[in-house]
Each structure stands twice: as structure tokens, then as C-alpha cells.
Asks: 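Quick one: this structure, given as C-alpha cells, is what I'll be asking you about.
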Amino acid sequence: MTEPRDERFDHLFASTVRERLDREGYGSSASPDAEDAVPLTYGFPYPDSFPTAALEAATETVLEEEGADVLQYGGGEYVERLRDGVLAREETQGIDATHEELLLTNGATHALDAVCATFLDPGDEVLVEAPTFVWSLAVLDNHGAALTGVEIDENGLDPDALEATLAAREAAGEPTPKLLYTIPEFQNPTGATLTRERRERVLELADEYDFLIVADDAYGELRFSGESPPPLSALDDAGRVIRLGTVSKTIAPGVRTGWIVADETLADQIGDMLAGGTNTFTQSVLGRYFDAGHYEPTLDDLLAGYETRRDAMLAALDRHLPPGSSWTEPAGGFFLWVTLPEGVDAEALLPLAAEEGVTYLPGERFFVEDGRGTRSARLSFSHCSPAELEAGVAALARATEAYLE
């Protein structure tokens, strides 16, 4: 009898895949199939935010001005205009980078994958925030990294916990981690922002213990109120920060364009690992988009739209969630982190919540350690309308109360 197709090729998979076959693993973003449920699961921009007309005009201009060049390997002159535009945006945040320190990528996930390919051998230790972004955990896992979580709170990564982890490894004779992966601004999933004091301390620890910091700044420009601390790259005098950026949250995820800013010595090697090249046609269109002055006005409109949605979700949580619930109140970004009352398992609650009319991501999927985040959930306010957010939170409250009963 022939073996089932899903088993007879198992021996051909890479070791990192084989190790996952018999475990659920972290990094899952699967949700119940609930067609009519309010999707608080994914960090998608809301549809009306896409600058369709400006991108269409940019595409027409690039094709008219550059003809076949824009469709050839390497693209045309507008690719360089995009580099100029990105570096100008970085400069507004205090990052004085050169063209040699900038790499364009097919989004931030592609950027992280290239960094992992450059620095990690299977089994190498990487420190991550606990909790952190599910898909970043999946990318790191794909490269066979050994992952250790470091605590965060409302002020971001805890440098005392980081130092304790590093000191314990040193005392045990274990190798120092090569990388620390952090989301310092409006962290995914909690919405927390790393304070300036903590940023400076993390940089000191990186220098003392000799590791690199991968700073994923996908949400850094999406601040609704207050002022952001300087990015880690702006405070870094030792060249230890590898900064990841993307336009997925500020223009559109479908354009699949991001970047890396790193010390030139590191950028040279990471650039060699960007296998398959990048989409220079899209980069040319975005170069024209920046060149025509569309970026900042679009960003201003985005901030207003996301702030309205954030406020609607916070108000709905306050109205509907039962006693014993708590949540973060981020000043920007896409997400907030809800902790449900004692006795609730957010993973077990998910099917009931879908029946009531809402989906979300359970908190335990954002941890590398088993048994963490069982009462918690990540809710995204970025995609739905205020009315949908109200309905979704009310459905979550009904499901929670039914679960407790």
C-alpha cells in the first residue's frame, strides 16, 4: 500500500521542517474559518488608506520616462530616487546613513530572512522579546535558531531581564547570543514602546556582551500622540544595530518593499545574501511616489485614521469586557494586548469567539516558551471600521462571559 503523500516525502524535508512536523510550534497565525466574524486577527491596513491614485500616477510616469529600463534587471533612475527618499525619511528620525549602509528588500520579512542567513548557523542562540511577532519567530525558526524569550512590560524590553539572561549564560559557559531581535516602537503584539533610558542600556549590554541588535521598526512612523525616543540606530555609536524598515504600514503591504540600514561592513555581507534580487519595478514606482511628494501627506491621513480606530477599540473594551480584564493603551501602531479574566484560556476560547462573531490571535502563539500568554490575546485595530471594532469587542465579551460560565 502506498504511503500517504503527506508522509512519504518526510525524509526529504530539511531538518528544521522535520523537527516541526510533530509539534504545533510557535508562529502560527491560523484562525477558525468564520466568514462573518469581525477579523481582529491580522495587522492589515484599512482599505481606504491605500494611495491608489498616487501609485497609479507614479506607475504611468515611470513607464513614460524610463521605458524599457524600468522593466530591465536593476531598474532605472527612480530606484535611486527611492534610496534617496528612504534616507531622507531616516534622517528625520536622526539616522545619518549613506547609500552604502542602505539595502532595499522585498519587505521587512525578507530583510529579517537575509539577516538570519548572514549570521545564523543552525543552533545559534537568538534572544527575542516575550512576547514577540509570530512571523518573526517563524523566520528565526526556519534558520534553526535556538530562541530565548526576554521579558517586556509597558516600557518595552526589560534590560534587567536581558542582563540577567546574558549573565546566566556566561556563568554557565554557554555562548553569547549572536542576535537580539526587538520591536522597539509600538511593539507587535503588545503596542509597548522602549524608553530612551532602556534603549541606551540595551546598547551598552550589546557592546559588553558582543551581540548585534536587529531593530524591527515597522511601526515607528505611526505615532498618534507624544514623542518617540530616538531610534536605536540614532543612539548607536558602535555599529551594532541592524535596522529594518518597511512601507507596508505607511503605503501598502502589497508593494512588498522594505529596507535594512546597517554599518557598511555588515551591509556588504547582508547584501550578498539577498538571494534572487528585489523588485526594482516596484522600487521605481515608489521612487517616483517619494519624488512627487506623496509620502508625508498620506502619512498624516493615515495617523488620523488609525487613531480613530485605536480610540474606538479602547472605548469598546472599556464598555464590554468583563471585570478582571486589562489591556494596553498604545500611542501608535496597529495592536493592543488584552489579558482576559482568571480562568480563561484564549486559545480554547477562540472557536467560541468565532461563533459569536470575532477572531483574534491567542497570546501563547507569541511566546517561545510553553504555557505563556494563555489568558492574553492580540487585537488589531488597524483594519476594521470603528463600528466593526465595536461589534468585534462585544462579541469577544459575550464569548468570554459564556466561557467563564
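Atoms considered below: every heavy atom in the structure, side chains included; atoms not considered: hydrogens, waters and symmetry mates.
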Asks: Starting from the C-alpha separation in whole Å, work towards a yes-or-no answer on side chain to side chain contact (heavy atoms under 4.5 Å, CB included) for L340 and V338.
Replies: CA-CA 6 Å; L340 297 169; V338 171; 3.8 Å; yes
Asks: Distance alone, cut at 3.5 Å: any donor-acceptor contact between the side chains of Y78 and D291?
Replies: no
Asks: Between the side chain of N106 and the main-chain N/O of N279, is any donor-acceptor distance below 3.5 Å?
Replies: yes
Asks: Are F211 and Y209 close enough, and set up right, to give a ring-ring contact (aromatic ring centres under 6.0 Å, His included), and what steps lead you there?
Replies: CA-CA 6 Å; F211 60 86; Y209 285 91; 7.2 Å; no
Asks: One pair to check against ring-ring contact (aromatic ring centres under 6.0 Å, His included): F44 and F334. What are the steps and the verdict?
Replies: CA-CA 8 Å; F44 293 175; F334 275 19; 9.5 Å; no
Asks: Does a donor on one side chain and an acceptor on the other come within less than 3.5 Å for D121 and H143?
Replies: no
Asks: Taking C-beta and beyond as the side chain, do L127 and T182 meet within less than 4.5 Å on heavy atoms?
Replies: no
Asks: Between S376 and T374, is there a donor-acceptor pair closer than 3.5 Å when you use the side chain of the first and the backbone of the second?
Replies: no
Asks: Looking only at heavy atoms, which two atoms of P330 and L336 are closest? And how far apart?
Replies: CD-CB, 3.8 Å
Asks: Would R89 and E296 count as a salt bridge (charged side-chain N to carboxylate O under 4.0 Å, His left out) if you check the C-alpha gap in whole Å, the side-chain angles of each, and the deciding distance to 0.1 Å?
Replies: CA-CA 9 Å; R89 292 304 306 173; E296 288 191 24; 3.0 Å; yes
Asks: Within the 4.5 Å heavy-atom criterion, are Y181 and L147 side-chain neighbours or not?
Replies: no
Asks: Holding to side-chain contact (heavy atoms from CB on, under 4.5 Å), I want the full list of residues that pass it with T190, two or more places apart in sequence or in another chain.
Replies: P131, I152, Q187, A192, W337
Asks: Using side-chain contact (heavy atoms from CB on, under 4.5 Å) as the criterion, list what pairs up with A316, not counting sequence neighbours.
Replies: R319, H320, E390, V393
Asks: Report yes if the side chains of F119 and I270 come closer than 4.5 Å at any heavy-atom pair, otherwise no.
Replies: yes
Asks: Search all heavy atoms of L40 against all heavy atoms of C384 and return the closest pair with its distance.
Replies: CD2-SG, 4.3 Å
Asks: With side chain to side chain donor-acceptor pair (under 3.5 Å) as the test, pick out the partner of E125 among T165, T176, T148.
Replies: T148
Asks: Report, as yes or no, whether the 6.0 Å neighbourhood of atom CD on E80 holds more than 12 heavy atoms from other residues, nucleotides or ligands.
Replies: yes
Asks: Which pair of heavy atoms, one from S382 and one from S380, lies closest together, and at what distance?
Replies: OG-OG, 3.0 Å
Asks: In sequence, state the C-alpha distance, the side-chain angles, and the governing distance for S136 and V128, and then conclude on side chain to side chain contact (heavy atoms under 4.5 Å, CB included).
Replies: CA-CA 9 Å; S136 294; V128 298; over 6 Å; no
Asks: If the threshold is 4.0 Å, N to carboxylate O, is there a salt bridge linking R240 and D210?
Replies: yes
Asks: Would you find a donor on one side and an acceptor on the other, under 3.5 Å apart, between the side chain of E90 and the backbone of D96?
Replies: no
Asks: Let's go through L314 and D318 carefully: what are the C-alpha distance in whole Å and the side-chain angles of both, what is the deciding distance for side chain to side chain contact (heavy atoms under 4.5 Å, CB included) to 0.1 Å, and is it a yes or a no?
Replies: CA-CA 6 Å; L314 289 175; D318 193 49; over 6 Å; no
Asks: On a heavy-atom basis, which atom in L349 and which in L396 lie closest, and how many Å separate them?
Replies: CD2-CD1, 4.2 Å
Asks: Side chain to side chain contact (heavy atoms under 4.5 Å, CB included), that's the test. Do E77 and E66 meet it? Break it down for me.
Replies: CA-CA 8 Å; E77 194 177 310; E66 298 195 337; 3.3 Å; yes
Asks: For the backbone of D345 and the side chain of R375, can you confirm whether one donor and one acceptor N or O come within less than 3.5 Å of each other?
Replies: no
Asks: How about T278 and Q283: does a side-chain donor come under 3.5 Å of a side-chain acceptor?
Replies: yes
Asks: Taking S49 for its side chain and P45 for its backbone only, find out whether a donor-acceptor pair lies under 3.5 Å.
Replies: no
Asks: To the nearest 0.5 angstrom, please state how far the CG atom of L82 sits from the OG atom of S284.
Replies: 8.5 Å
Asks: Keeping to residues at least two apart or across chains, list the side-chain hydrogen bond (donor to acceptor under 3.5 Å, both in side chains) pairs with something in residues 303-316.
Replies: none
Asks: Any side-chain to backbone donor/acceptor pair from K178 onto L212? Under 3.5 Å, distance only.
Replies: no
Asks: When you look at CD of E200, are more than 12 heavy atoms from neighbouring residues, nucleotides or ligands closer to it than 6.0 Å?
Replies: yes
Asks: In the structure I gave you, are the side-chain heavy atoms of R169 and P177 within less than 4.5 Å of one another anywhere?
Replies: yes
Asks: So do T257 and T246 actually touch side chain to side chain, heavy atoms under 4.5 Å?
Replies: no
Asks: Under 3.5 Å, is there a donor-acceptor pair between the side chain of T41 and the main chain of Y360?
Replies: yes
Asks: Is a side-chain donor-acceptor pair under 3.5 Å present for Y73 with T280?
Replies: no
Asks: Determine whether R288 and E65 satisfy the following criterion, salt bridge (charged side-chain N to carboxylate O under 4.0 Å, His left out), listing intermediate values before the conclusion.
Replies: CA-CA 11 Å; R288 172 59 188 173; E65 293 186 7; 5.0 Å; no
Asks: Can you list everything that forms a side-chain contact (heavy atoms from CB on, under 4.5 Å) with D158? Sequence neighbours excluded, please.
Replies: D160, A161, R198
Asks: Just so I know, are the side chains of T400 and P341 near enough to count as touching, which here means a heavy-atom distance under 4.5 Å?
Replies: yes
Asks: Looking at CD of E347 and CG of L350, how far apart are the two atoms once the value is rounded to the nearest 0.5 Å?
Replies: 6.5 Å
Asks: Determine whether a donor-acceptor pair (N or O, by modelled atom type, separation under 3.5 Å) exists between the side chain of R199 and the backbone of L194.
Replies: yes
Asks: Please identify each residue that fulfils side-chain contact (heavy atoms from CB on, under 4.5 Å) with E208, with sequence neighbours left out.
Replies: L205
Asks: Look only at the side chain of T118 and the backbone of A114, and say whether a donor-acceptor pair between them is shorter than 3.5 Å.
Replies: yes
Asks: Could you tell me which non-hydrogen atom of A145 sits nearest to which non-hydrogen atom of V126, and how far apart they are?
Replies: CB-CG2, 3.9 Å
Asks: Is there a side-chain contact between L104 and V79, using heavy atoms and a 4.5 Å cut-off?
Replies: yes
Asks: Check step by step if side-chain hydrogen bond (donor to acceptor under 3.5 Å, both in side chains) holds for R223 and S228.
Replies: CA-CA 8 Å; R223 174 170 286 277; S228 295; 2.5 Å; yes
Asks: Test E264 against T98 for side-chain hydrogen bond (donor to acceptor under 3.5 Å, both in side chains), laying out the working first.
Replies: CA-CA 9 Å; E264 185 177 348; T98 66; 5.2 Å; no
Asks: Donor-acceptor pairs under 3.5 Å, side chain of residues 297-305 to any protein atom, not counting sequence neighbours: which ones?
Replies:
{"unit_1": "T298", "atom_1": "OG1", "unit_2": "Y289", "atom_2": "OH", "d": "3.0"}
{"unit_1": "T298", "atom_1": "OG1", "unit_2": "H294", "atom_2": "O", "d": "2.9"}

Asks: Where is the tightest heavy-atom contact between A215 and V241, given as atom of each residue plus distance?
Replies: CB-CG1, 4.1 Å
Asks: Are the side chains of D141 and V139 in touch, meaning some heavy atoms are under 4.5 Å apart?
Replies: no
Asks: Is there a donor-acceptor pair closer than 3.5 Å between any side-chain N or O of S325 and the backbone N or O of P322?
Replies: yes
Asks: Establish, from distance only, whether the side-chain atoms of E388 and S385 form a donor-acceptor pair under 3.5 Å.
Replies: yes
